[in-house]
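These numbers come from the heavy atoms of this one structure, side chains and all, not from hydrogens, waters or symmetry mates.
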Amino acid sequence: VVLTGDNTHPNEDPEKTKKLINALMNIFESRKIPVAVTFGNHDSEGGPMTREDIMEYYQTFSCVISTDNSENFKNCATFNVPVLASDSDKVNFNLWVFDSGDYDEDEPRHYDRVRTEQIEWYKKTAAKLKKENGGKTVNSVVFQHIIVPEIYDVLKKVDSKKPYAIPHIYNEDEYYMFDPEQVNYGKLNEKPCPGYYNDGQFDALVETGDVLAMFTGHDHTNAFGVTYKGIVLSESPSTRYNGDRYSTQYGYRILEVDEKDTSVFTSRVVHWYDIFDMNYAINEMQNGDN
C-alpha cells in the first residue's frame, strides 16, 4: 500500500496527531501489509510536528517501509522501493516515492514541487538500478502527492463557456478539459493543482525512460489518466468518506503489473460508493458494530 499524502491533518497537540496515525496504521499493522508513506501539503501544515517528526513516528510501525531522507532533501519522505521477482532476489520492478512538499516558501498560496536535489538523486539511483540489472532499464512507477505542471500541456485549452471546462489553477482566465485527440480516461472534476514552479522532474523522467506512470492525489475528486510523452499522468481520488456531495467519487486506486512483462500494467479506481451503501451501514449499526 502506498499512502500519497494528506494522510492526517496536523494538530496543535502532537499526541492527537499520533492518535490519528495509530488509527490509520493499525489497520495495516494488524494485517502485516507493507506500507510506503509520503506526505502532502497538509500533513505538517501549521502543526508542531515537522515532517521529520511525523516520519519518525510512522517508522515505529513494523509495516512501514518508508525511508527518511531528511539528511539529503528538504522534502524528506523521498525514497524508492525495489520490487523483487516472486522466485528470486532479482529487482523486477521499482516504485519511486517522492515527497512533493507543501507550499513554496516565497509564495504561500503556491504549491510546492519535487526539488532539484530530489531529481538528481532519482537520476543517479535509476542509473544504479539499470547497471545492477545488466544494463537493462528497470520499469518503474512514481507515487507522489502533487501532480506535475505538465498536466496542463496535455489538456486542451477551451473557451470558458465550454461545458465542464475547468480554470487553470494559477491563471483563471484560461480554461481546460480533456483533449479528445489524446489518450485519456476517467473524470476531470476539478482543476489539477501542480506546483507553481517547475524544477524539471517530468523532463527527467522522460529522459531516463524508466517510468511508465505517475500516480498522484491532492485534487480530491479527480480520478483520471492522460498519456503524455509516453508516461501516464494519473490522479486518484481522496480516500475519505465524509458524506459530502463528492462522496461518490472517493475511493482508492489498484495497480496491477504483469510480472513477466513489467511494461504492461493496468489501474482502476474502486469507489467506496460501490462497496458500501446506507442499508449496509444501518444494519451494521443495529448489530452494534459501528
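Between E29 and N26, the side chains place no donor N or O within less than 3.5 Å of an acceptor N or O (distance only, hydrogens not considered). If you check the side chains of Y58 and E56, you find no donor sitting under 3.5 Å from an acceptor. A donor-acceptor contact closer than 3.5 angstrom links the side chains of N94 and N80. For the 3.5 Å distance criterion, the side chains of Y250 and R240 qualify, holding a donor opposite an acceptor. Checked by atom type, the side-chain pair T78/N75 shows no donor-acceptor distance below 3.5 Å. Judged by distance alone, the side chains of S263 and D261 do bring a donor and an acceptor atom under 3.5 Å apart.
A heavy-atom distance below 4.5 Å is not found between the side chains of L3 and T38.
Heavy atoms from other residues, nucleotides or ligands lying under 6.0 Å from OH of Y164 number 12 at most. Other residues, nucleotides and ligands contribute more than 12 heavy atoms inside 6.0 Å of the CD atom of E45. With a 6.0 Å radius and a threshold of 12 heavy atoms from other residues, nucleotides or ligands, K130 has its NZ atom at or below the threshold. Environment of CD in E71: sparse, with no more than 12 heavy atoms of neighbouring residues, nucleotides or ligands closer than 6.0 Å.
Shown here are the salt bridge (charged side-chain N to carboxylate O under 4.0 Å, His left out) partners of E15, two or more places apart in sequence or in another chain: K18. For S86, the side-chain contact (heavy atoms from CB on, under 4.5 Å) partners at least two apart in sequence or on another chain are E259. Residues passing the side-chain contact (heavy atoms from CB on, under 4.5 Å) test with V83 are F93, L95, sequence neighbours excluded. Contacts of D13 classified as side-chain hydrogen bond (donor to acceptor under 3.5 Å, both in side chains), with partners at least two apart in sequence or in another chain: none. With sequence neighbours left out, the side-chain contact (heavy atoms from CB on, under 4.5 Å) criterion links Q182 to V154, D179, N184.
A distance of 6.0 Å or more separates the ring centres of F98 and F143.
None of N7, D6, T216 except one satisfies the side-chain hydrogen bond (donor to acceptor under 3.5 Å, both in side chains) rule with H145; the exception is D6.
Between the side chain of Q118 and the backbone N or O of D99, at least one donor-acceptor pair lies under 3.5 Å.
Hydrophobic clustering, defined by side-chain heavy atoms of Ile, Leu, Val, Met, Phe, Trp and Tyr closer than 4.5 Å, groups Y175 together with V158, M177.
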